[in-house]
> 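The structure follows.
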Protein chains: 2
Amino acid sequence: MPTRKQEKVVSLKDITVACQACSLNEICLPVGIENKDMERLDAIIDRKRPLARGEHLFRIGDRFRSLYAVRSGSLKTYATSEDGQEQIMGFHLPGELVGLDAIANDVHPLAAKALETTSICEIPFDSFESLSNQLPSLQRQMLRVMSQEIHNDEQNMLTLGQRSAEERLAAFLISLSNRYRRRGFSSTQFNLTMSRGDIGNYLGLALETVSRLFTRFQNEGLLKVERRNIELIDRQRLCHFSSANCYGDNPDNT
Amino acid sequence: MPTRKQEKVVSLKDITVACQACSLNEICLPVGIENKDMERLDAIIDRKRPLARGEHLFRIGDRFRSLYAVRSGSLKTYATSEDGQEQIMGFHLPGELVGLDAIANDVHPLAAKALETTSICEIPFDSFESLSNQLPSLQRQMLRVMSQEIHNDEQNMLTLGQRSAEERLAAFLISLSNRYRRRGFSSTQFNLTMSRGDIGNYLGLALETVSRLFTRFQNEGLLKVERRNIELIDRQRLCHFSSANCYGDNPDNT
DNA sequence: GTTGATCATTGACGCAGATCAAGAGTGGAT
DNA sequence: ATCCACTCTTGATCTGCGTCAATGATCAAC
């Protein structure tokens, strides 16, 4: 096994997990990468000490050096307006990439903060670029991932611009559900790792509205929610509520 | 000069314009591409017959084969909800790329329609990919363009989620202004190629609200507007209204 | 156990902006 | 010129959701 840079804090078990064996490998970079190529990708990836809840992975204005993939836990990314108000732009679950928006200007336009204890793979962009020059499949994969991200952002724009509070929250829950399922977690029962305030902020709603909607959805038998724990009872109907296309159960986020 | 596929309808003057000489070359793919490389890029680009107002460049669900760059004129991209409602996701001005969201799933998730007579460069994605395998600079440039697109979409999400009607319209006008300036057009006087309805749809506002805001902005001396023709009188103040960062006059869109 | 901090729920009220409705330009077709 | 189809403006109402405020849970610290 090739040696690689490692943090002392990381357990032995952790650092012996290669991308190849990692349950996230088809997630980070879903398809079309050969095993042999995967080894080379693996070699450039740096596994970092886990972040504690509230710790920053990077801050607004930080120089861009690496992309990051969430291995476990979750992050939020946010901008701040001049008056210091936080505006959440996304939540990031295991297997999702963070930092794609920083490539263009070599600066992170958003900050990323852990919502819970979170471990991360760091992918130094230099190494990534030179590797992808040699591996067309990696390059192609990267374009797909970024394209998907653009597509997702468009979906979010649609939700924010045209949907009612009810539709937004429903769409949000379905989105989380899809993303969890895709990673092999339960799609009907999971923990919200973010507060009502965070959800409201992200969806462009007051936190009170979010809270009211949760109770209403619960009364209507759509779901059961208790604090951060949520169970989707009638996913079908919830999905219908979101006025999204609930057909192909589209892969949704990154 | 290398021969290339050409539509009979295109004037001679048009087809002799190479990417190299094209006023758009640093726009489509802004930096870091050598002249020699630019020639090779130029060779794969297909110039198409202009679209008439209302014509589609592609429709939702169309197979993805090419990226497109607007040469002159303008496009809108939009999704349709099941009830046939149109939801506009973006407007595209000369020098901007369209279709980046289609790479991920080989299908166009949005339709693109000409707002006026519009000419287009078609960039077949196959050729583009194999060329970019040979040209690291092109590859890098593509990542930057896509990253910028993600960043822009995030900005739009912020606007839609948190801003008032007034702020949204101001931000929209400033964005157009920046994009026109960047292409060498006037940043204070230009034509809106889209209707009030389109603007409202895009910004998540009723067309009546857009109309009212235009008159209000005019009364307040921020701008002068007559039908589709607009002149920004007090760009500073308008920018301040938009609660965006008006400092570096950020490049804004793609 | 008590205290304090954070987070969530619920109610009362008001407003920004949607919706409904009625004209008024404007431009192309004939 | 006249007509028709659009697009835009402006006014009058209505309502979804934000804001303000009070109370209740949960959890960590000690």
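Scope of the values below: all heavy atoms of this structure, side chains included, with no hydrogens, waters or symmetry mates. To find a chain, count down the sequence lines: A is the first, B the second, and so on, and within it residues start at 1. Since the structure is predicted, the reported quantities are computational estimates derived from the model, not experimental observations.
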> Kindly check if the number of other-residue, nucleotide or ligand heavy atoms within 6.0 Å of CZ (B:R53) is above 12?
no

> Which angle, rounded to 10°, do you find between the first-five-pair axis and the last-five-pair axis of the helix from C:dG1-D:dC30 to C:dT30-D:dA1?
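Terminal axis comparison yields 40°.
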
> Working note: B:S66 + B:E122, criterion side-chain hydrogen bond (donor to acceptor under 3.5 Å, both in side chains); need CA distance, chi angles, decisive distance, verdict.
CA-CA 6 Å; B:S66 302; B:E122 178 171 2; 2.6 Å; yes

> Considering residues, nucleotides and ligands other than A:R59, do more than 12 of their heavy atoms fall under 6.0 Å from its CZ?
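Not more than 12 within 6.0 Å, no.
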
> Is a donor from one side chain sitting under 3.5 angstrom from an acceptor on the other, for A:Q189 and A:E231?
no

> Rounded off to whole Å, could you give me the CZ-to-C1' distance for the A:R196 and C:dT9 pair?
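Those two atoms, CZ and C1', are 9 Å apart.
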
> Under 3.5 Å, is there a donor-acceptor pair linking the side chains of B:S81 and B:Q87?
no

> Please verify the inter-ring angle class for B:F58 with B:H108; under 30° counts as parallel, over 60° as perpendicular, anything in between as tilted.
parallel

> Give one of base, sugar-phosphate or nothing for B:R216, where a contact means two heavy atoms less than 4.0 Å apart.
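Counting heavy atoms under 4.0 Å across all strands, no contact is made by B:R216.
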
> Would you mind reading off the distance between A:N229 atom CG and C:dA8 atom P, rounded to a whole angstrom?
13 Å

> Is there a donor-acceptor contact under 3.5 Å from the side chain of A:T193 to the main chain of A:S74?
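Between the backbone of A:S74 and the side chain of A:T193 there is no qualifying donor-acceptor contact (under 3.5 Å).
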
> Which part of the nucleic acid does A:S211 contact within heavy-atom distance under 4.0 Å: base, sugar-phosphate only, or nothing?
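Base contact.
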
> Centroid-to-centroid, B:F185 to B:F190, below 6.0 Å?
no

> On DNA chain D, reading 5' to 3', which nucleotide is the first and which the last to sit with an atom under 4.0 Å from a heavy atom of chain B, could you check?
D:dT7 to D:dA12

> Answer yes if the side chains of B:T215 and B:Q218 hold a donor-acceptor pair under 3.5 Å, and no otherwise.
no

> Tell me, for nucleotides 12-28 of chain C in 5' to 3' order, what letter each nucleotide earns: B for a base near a protein heavy atom under 4.0 Å, S for only sugar-phosphate near one, - for neither?
B----SSBBB----S--

> Could you report the tightest heavy-atom contact between B:F241 and B:A170, atom names first, then the distance?
CB-CB, 4.0 Å

